[in-house]
Amino acid sequence: MPREPQIVLTAAPAAHDADVLARVVRMLADVLRIKPEKIDPEHTFRTCEVDSLLAVEYVATVNAYYGTAIKPAALLDHPTPQRFARYVARETAPAPARAMPAQPATVPMPSVAASAVPAPASRASVPAPPVLDILREEIARLLCCDPWDVDTDEPFSALGVDTGLAGEFVSVINLVYKLREHSGVLYDHPSLRALAAHIAAQLPAPGPDPAAVAPPRAAGPMPLEELLDAVRDGRVTVDQALTLLPRQD
């Protein structure tokens, strides 16, 4: 009896995994603005000083390159670049290539039309971080702690936010989102999650072209020109502006 033609798997998953690891490490280095060789793939993202804002930017960069829809929370489930790369490799693994059985000489192989080859997905723009992530990053800066340690459902009083910190926190919110909130907003919305929902409800709906909308300014010390504009507009007082000036070490 004639032997059945064998189908040989020719995929190289190891090569794909290695390529993904190299790329996600390079992307992480770009986000951290360091050289890729400075990153140990077995160190945790927290060790690499990846905070919540950088996590959003990093995962968005990976999604833009691979066309995936990975959530920033995946970094908690896969807490090192090496483990995250394995996860990305599984999400982007190509279908196994199969060797075609030999065809009779009289039967020509069909040609694949160029139009049938899908065009590579265009790289999406990096989205602005969600309001909750911005607020958690800023409150962590004020409390001198890691954003990953801040419970977004914990009351502000339990987090250690006193009257002075509350005024500085709300001043930054007004500067970032161009609002006119008062410190009392923390009593009406007593947790980061509740406050983020309140702020998000006041922001304009995204337009038809999100890539054209500038993301909110990252939290942190404000340039002097922006502080002066905020004082002139009445969004912050002079005393509040003084607390937001870059600190001298």
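Here the structure is a predicted model, which is why all the values come from computation and not from measurement. Computation of the quantities below employed the complete heavy-atom set of this structure, encompassing side-chain atoms and omitting hydrogens, waters and symmetry-equivalent molecules.
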*Could you grab the distance from atom CD of Glu49 to atom OG1 of Thr44, nearest 0.5 Å is fine?*
10.5 Å
*When the ring planes of Tyr87 and His78 are compared, do they come out parallel, tilted or perpendicular, using 30° and 60° as the limits?*
parallel
*Verdict with reasoning, His43 to Thr80, per side-chain contact (heavy atoms from CB on, under 4.5 Å)*: CA-CA 6 Å; His43 284 179; Thr80 68; over 6 Å; no
*Please report the closest heavy-atom contact between Leu165 and Gly160, naming both atoms and the distance.*
CD1-O, 3.8 Å
*Would you call the rings of His189 and His198 parallel, tilted or perpendicular if under 30° counts as parallel and over 60° as perpendicular?*
parallel
*Mind listing the closest non-hydrogen atom pair of Ile39 and Val25 along with its distance?*
CD1-O, 3.7 Å
*So which heavy atom on Phe156 is nearest to which on Leu195, and how close?*
CZ-CD2, 3.8 Å
*Checking salt bridge (Lys or Arg N to Asp or Glu O under 4.0 Å) for the pair Asp146/Arg136: CA distance, chi angles, key distance, verdict?*
CA-CA 9 Å; Asp146 194 307; Arg136 182 166 61 177; over 6 Å; no
_Can a side-chain donor-acceptor contact be found between Asn63 and Thr68 if the only test is distance below 3.5 angstrom?_
yes
*So, for Arg180 and Asn174, which heavy atoms are closest and what is the spacing to 0.1 Å?*
N-OD1, 3.6 Å
*asked:* Would the distance check show the side chain of Trp148 and the main-chain N or O of Leu76 forming a donor-acceptor pair, the cut-off being under 3.5 Å?
replied: no
*Give the minimum heavy-atom separation between Val150 and Cys145, together with the two atoms involved.*
CG2-SG, 3.7 Å
